[in-house]
2 protein chains.
Amino acid sequence: MKNVQIYDTTLRDGMQGEGVSLSVAGKIRVALRLDEFGVDYIEGGFAASNPKDMEFFREIRMKKFKHAKVAAFGSTRHARTPVGEDQGTLKLIEAQTSVVTIFGKAWRLHVTDVLRTTEDENLAMIRDTVAYLKQRGREVIYDAEHFFDGYKDSPTYAMATLRSALEAGADCLVLCDTRGGCLPHEIADITRSVVAAVAMPVGIHCHNDAELAVANSIEAVRVGAVQVQGTINGYGERCGNANLCAIIPSLVLKLGRACRCKDNLDGLMDLSRFVDNVLNTLHVRQAAYVGESAFAHKAGMHVNAVEKNPRSFEHVPPETVGNVRRILISELSGGSNVLLKAVEMGEEISKSSPEIREVLNKLEQLEKKGYQFESADASFKILIQKVLKRHKAFFELEGYRVIVEKRGKHEPCLSEATIKVKVGNEIEHTAGEGDGPVNALDNALRRALTRFYPAIAKVALTDFSVRILDPKEATAAKTRVIIESSDGTDTWSTVGVSENIIEASWEALVDGVEYKLFKDEQAARRKRTGKNAE
Amino acid sequence: MKNVQIYDTTLRDGMQGEGVSLSVAGKIRVALRLDEFGVDYIEGGFAASNPKDMEFFREIRMKKFKHAKVAAFGSTRHARTPVGEDQGTLKLIEAQTSVVTIFGKAWRLHVTDVLRTTEDENLAMIRDTVAYLKQRGREVIYDAEHFFDGYKDSPTYAMATLRSALEAGADCLVLCDTRGGCLPHEIADITRSVVAAVAMPVGIHCHNDAELAVANSIEAVRVGAVQVQGTINGYGERCGNANLCAIIPSLVLKLGRACRCKDNLDGLMDLSRFVDNVLNTLHVRQAAYVGESAFAHKAGMHVNAVEKNPRSFEHVPPETVGNVRRILISELSGGSNVLLKAVEMGEEISKSSPEIREVLNKLEQLEKKGYQFESADASFKILIQKVLKRHKAFFELEGYRVIVEKRGKHEPCLSEATIKVKVGNEIEHTAGEGDGPVNALDNALRRALTRFYPAIAKVALTDFSVRILDPKEATAAKTRVIIESSDGTDTWSTVGVSENIIEASWEALVDGVEYKLFKDEQAARRKRTGKNAE
């Protein structure tokens with residue numbers, strides 16, 4: 001069976017997503033990473049419309065790729081314009097990529113209502129542009145825009161547009177569901193007919209407007225398509241493009257198709273996160289295969305079953321796509337999950353201990369107030385310590401004050417925090433500055449504690465997220481802050497909730513510091529016990 | 001053709017999603033709303049495992065429903081336990097719902113590895129439990145858990161489990177893809193065989209672990225299933241359940257199936273938002289049909305085409321599902337979009353005006369800094385005013401100071417802001433308190449300006465969102481704040497960006513106030529011009 005080619009359009013179609021944009025440097029980072037992962041084609045941008053994309057094509061030429069080919073994207077020539085004088089077509093040549101992808105119209109509605117030209121002129125536009133690009137040595141991928149809608153309207157005309165591209169020498173014909181509204185069986189039926197009719201490579205390009213883009217892409221491959229176009233994490237206009245992070249593993253693991261990136265499948269989650277980070281987009285926890293929740297078990301019964309046999313509730317082993325299994329803590333999760341965490345912490349506790357019930361009750365109360373421990377493991381461990389009466393307060397807060405001040409429209413905004421803490425019988429009263437109020441408070445807290453606990457100096461905050469819990473209360477709304485801390489060896493997360501963002505951050509900061517001290521003590525104790533046992 | 005029944009399990013399976021939980025009161029609000037929308041079945045919770053769910057069943061009995069039936073969820077009896085003594089089964093009766101849904105095992109792997117019993121005992125468990133519930137007058141829906149995986153392993157055994165339920169009197173047999181890993185053609189093939197074999201109503205229950213749950217549900221209906229189980233917005237464990245908000249419109253608008261909620265389809269987006277709000281879950285902008293971006297056009301070419309004929313880039317008219325078309329502003333959008341906004345604001349400007357280019361340049365600079373105007377229309381309009389040199393500063397900032405103070409661990413955290421502004425030649429220096437620093441600053445700003453601009457008193461903040469732009473910078477990260485304001489008549493959104501959350505909020509607050517004053521001035525001018533023209 002032939003390899004399926006993966007054609008990534010994150011850098012072009014993905015950029016049309018709401019809230020998505022990328023600098024040239026960012027685009028280059030993504031392109032290099034896609035090449036490393038083993039993608040076959042990287043569509044870099046729209047040659048005609050955007051100076052930034054043209055700059056990308058200039059810079060990417062200097063880069064060495066392992067395998068991927070870079071494609072410039074554009075359209076067929078304008079109506080009633082000789083192709084050699086068509087600005088868009090000239091820009092495509094100017095981009096100097098080995099591959100050029102152009103879209104043309106396959107649906108009569110677009111020919112008459114949008115292009116406002118004749119059906120014949122549209123066919124000529126396709127033919128001329130493909131031929132012109134072929135004459136200049138390009139590999140030409142022809143995107144038949146709105147192909148499925150066009151085919152449903154008139155199979156004859158839609159096929160005529162494909163034949164124009166084919167006869168002019170196109171290397172691959174890509175069928176596009178541009179409005180994203182076709183159903184899987186329609187995609188399968190129409191793609192099957194085209195594959196039978198054209199005897200050349202056919203590709204598929206789907207949009208997700210009916211939440212069917214992944215299914216539609218898979219169905220097309222199943223009936224004979226050999227190229228899949230999509231974007232990492234499904235970025236794209238409206239509801240997005242077909243999500244390659246969901247398509248690739250299903251093609252490889254379920255449909256048994258080979259593709260170049262097959263051997264790097266265990267790097268898929270990292271790739272997904274990397275692109276999220278470069279695009280500054282929130283990671284979708286629920287995403288298939290690569291989401292943080294994709295292999296997270298919450299229901300007590302499921303946790304129980306997965307412990308007996310992971311296959312019972314996991315459709316593929318998480319590690320095949322670079323993901324990991326997670327056990328979640330919540331009021332729904334029941335005793336097994338709490339027990340697992342407690343044992344992980346070295347507590348000697350059994351399933352029937354009354355403390356397990358007590359932890360669940362406390363959890364329920366706090367969840368009602370807006371706390372969430374699923375992503376704040378360290379705060380949950382501190383909570384268990386408190387219920388078991390093993391919690392040690394490493395310091396006591398006497399008070400803090402945070403001041404943010406601006407002395408004129410164009411003056412910088414200054415943040416300063418003072419803090420007073422008691423450790424044993426000693427009082428420490430100190431201050432810190434920062435880029436914002438939370439940063440200042442964080443700096444002051446570290447400074448106050450480092451004298452007593454030098455290990456604190458090693459802790460750095462590595463992530464900070466803010467969630468407004470009842471946005472309709474606007475600036476008086478409850479805020480949940482989750483902070484991730486790291487000491488270079490371990491990483492842990494903590495949570496705080498309050499109407500006051502400073503207070504919520506403070507809670508999370510304190511848990512973050514306390515967890516570090518608790519963790520170090522525990523490690524020291526283990527070491528001692530180990531020695532005693534010798 | 002028979003109606004398709006919509007079976008909602010948001011309140012049961014949806015609650016197993018990471019970060020999702022709901023109080024009894026919240027569950028009741030959702031149930032009433034689902035009934036109003038026209039859902040056929042509402043699965044309220046797990047009778048055996050959760051006291052909160054039992055309380056829900058008690059309370060929901062007092063409520064009057066228009067059409068929906070409430071179902072209690074549970075499992076077949078335990079192995080080697082007489083059904084009349086099985087605690088889970090007794091709880092199902094205690095829930096006093098007219099419908100009971102129980103799941104049983106269809107896959108031998110679960111029988112041996114998870115239940116650790118024999119294949120025959122599993123069949124008896126199914127038979128006994130269904131019969132017991134039927135004898136007590138319940139409508140019994142039988143969820144065949146892991147049916148597709150079970151069928152792939154052994155069609156004979158999987159069918160034997162269905163027959164046990166059928167012979168004991170089950171009213172509907174629901175085929176579940178519990179691991180969420182089956183492909184659309186597998187679902188279609190297996191469902192088709194079952195429908196042909198059992199001659200009774202068959203339902204479908206899919207999970208989204210391969211991003212295929214919507215497609216799989218639609219395929220099952222296409223080949224004969226008459227009940228679809230899923231959740232609003234696709235909440236659920238791991239990657240979620242089949243998303244009813246994507247399935248219902250495709251069934252009605254594309255597959256031509258009737259269902260009870262068909263007439264309320266234009267309330268779908270409101271329903272989706274309502275449940276998001278009650279669950280306190282972030283709205284997914286990209287969601288099919290109901291997402292804020294679902295009909296948002298960004299690419300200049302698309303905007304242009306949609307203006308000529310909306311069908312060109314919209315698979316269904318947005319109003320059929322209660323959504324609206326939106327035109328987005330970004331560096332990609334090109335002149336047409338900017339022009340549209342400017343004209344909307346009453347500016348006399350043409351496509352060739354140099355100001356259009358100037359606005360686009362400014363936009364690009366600001367987007368690089370982290371600003372986003374797609375969701376901050378009012379800030380964008382102020383930006384246009386600034387470029388056109390029509391912007392009027394209604395006041396000047398001389399300075400502000402925000403203090404957050406806590407004087408002991410258990411003391412409340414106080415927030416106070418002082419502010420000094422200049423309006424014309426007058427200085428106003430005043431202060432405000434609040435639940436948090438931004439709330440205090442907001443209060444102080446209003447107080448300072450109301451003397452000069454009484455209309456400000458009518459403005460209330462209605463939404464507030466915070467986005468950390470580079471989370472890895474932790475508390476020193478850049479923050480984007482988006483604020484929604486309303487004066488009772490209109491609603492508008494503004495944006496601010498800074499490393500300091502207070503400063504970012506300040507920018508958005510100022511734009512919010514200025515936009516109100518600008519809008520009022522413009523309305524007054526229109527009124528005058530109107531009068532002059534008389």
Side-chain angles (χ1 to χ4, degrees), chain A residues 16 18 21 113-114 179 181 183-184 209-212 214-215 237-240 246 250 254 280 286 288 293-294 296 298-299 305 308-309 312 315 367 372 374 397 399-407 409 413 435-436 438-439 442 461 463-466 468 471 474-476 499-503, chain B residues 16 18-19 21 113-114 179 181 183-184 209-212 214-215 237-240 246 250 254 286 288 293-294 296 298-299 305 308-309 312 315 367 374 397 399-407 409 413 435-436 438-439 442 461 463-466 468-469 471 474-476 499-503:
Chain A
Q16 302 196 357
E18 184 164 4
S21 84
D113 288 19
V114 179
R179 301 195 303 173
L183 300 182
D209 296 73
E211 210 184 314
L212 295 168
V214 170
E237 197 157 19
R238 307 187 310 272
C239 307
S250 284
K254 292 166 194 283
N280 210 341
Q286 286 211 316
S293 301
K298 179 167 167 179
K308 290 172 176 164
N309 182 344
S312 63
H315 67 126
E367 284 190 349
Q372 239 182 43
E374 294 171 3
L397 176 71
Y400 65 71
R401 181 192 289 133
V402 181
I403 299 178
V404 178
E405 189 162 8
K406 194 174 167 93
R407 294 267 60 103
K409 200 180 167 185
C413 193
D435 286 327
V438 181
N439 192 222
D442 177 34
L461 300 193
D463 201 347
F464 179 67
S465 81
V466 174
I468 306 298
T475 54
E499 279 88 12
N500 191 319
I501 189 173
I502 308 292
E503 177 67 4
Chain B
Q16 302 196 356
E18 183 164 4
S21 84
D113 288 18
V114 179
R179 300 195 304 174
L183 301 182
D209 297 74
E211 209 183 316
L212 295 168
V214 170
E237 198 157 18
R238 306 186 311 269
C239 307
S250 284
K254 292 166 192 282
Q286 287 211 317
S293 301
K298 178 167 168 180
K308 291 171 175 165
N309 183 346
S312 63
H315 67 127
E367 285 190 349
E374 295 171 3
L397 176 71
Y400 64 71
R401 181 193 289 134
V402 181
I403 299 178
V404 178
E405 189 163 9
K406 193 173 168 94
R407 295 267 58 104
K409 199 179 170 189
C413 191
D435 286 327
V438 181
N439 192 222
D442 177 33
L461 300 194
D463 201 347
F464 178 69
S465 81
V466 174
I468 307 298
L469 294 181
T475 55
E499 279 88 11
N500 190 320
I501 189 173
I502 308 292
E503 177 69 4

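Proteins get letters first, then strands, A, B, ... in listed order; numbering begins at 1 in each.
In terms of heavy-atom pairs under 4.5 Å with chain B, the best-connected choice from A:P184, A:A215, A:C413 is A:C413. The choice from A:A246, A:G240, A:S293 that makes the most heavy-atom pairs within less than 4.5 Å of chain B is A:S293. Highest contact tally toward chain B, considering only A:K254, A:K406, A:E211, is held by A:K406 [criterion: heavy-atom pairs under 4.5 Å]. Contact count against chain B (heavy-atom pairs under 4.5 Å) is highest for A:C239 among A:G181, A:C239, A:G399. By number of non-hydrogen pairs under 4.5 angstrom with chain B, the leading residue of A:A210, A:S250, A:A305 is A:A210. Of the listed residues A:D209, A:I502, A:I403, the one with more heavy-atom pairs under 4.5 angstrom with chain B than any other is A:D209.
A distance of 12.5 Å separates CD of A:E405 from CD of B:E503, quoted to the nearest 0.5 Å. In this structure, the separation between CG on A:D113 and OG on B:S312 is 8.0 Å, given to the nearest 0.5 Å.
In terms of heavy atoms, B:D435 sits closest to A:N500 at O-CB, 3.3 Å. For the residue pair A:R407 and B:R401, the shortest heavy atom distance occurs at NH1-NH2, 3.9 Å.
A search for side chain to side chain donor-acceptor pair (under 3.5 Å) contacts involving B:K308 returns B:N304, not counting sequence neighbours.
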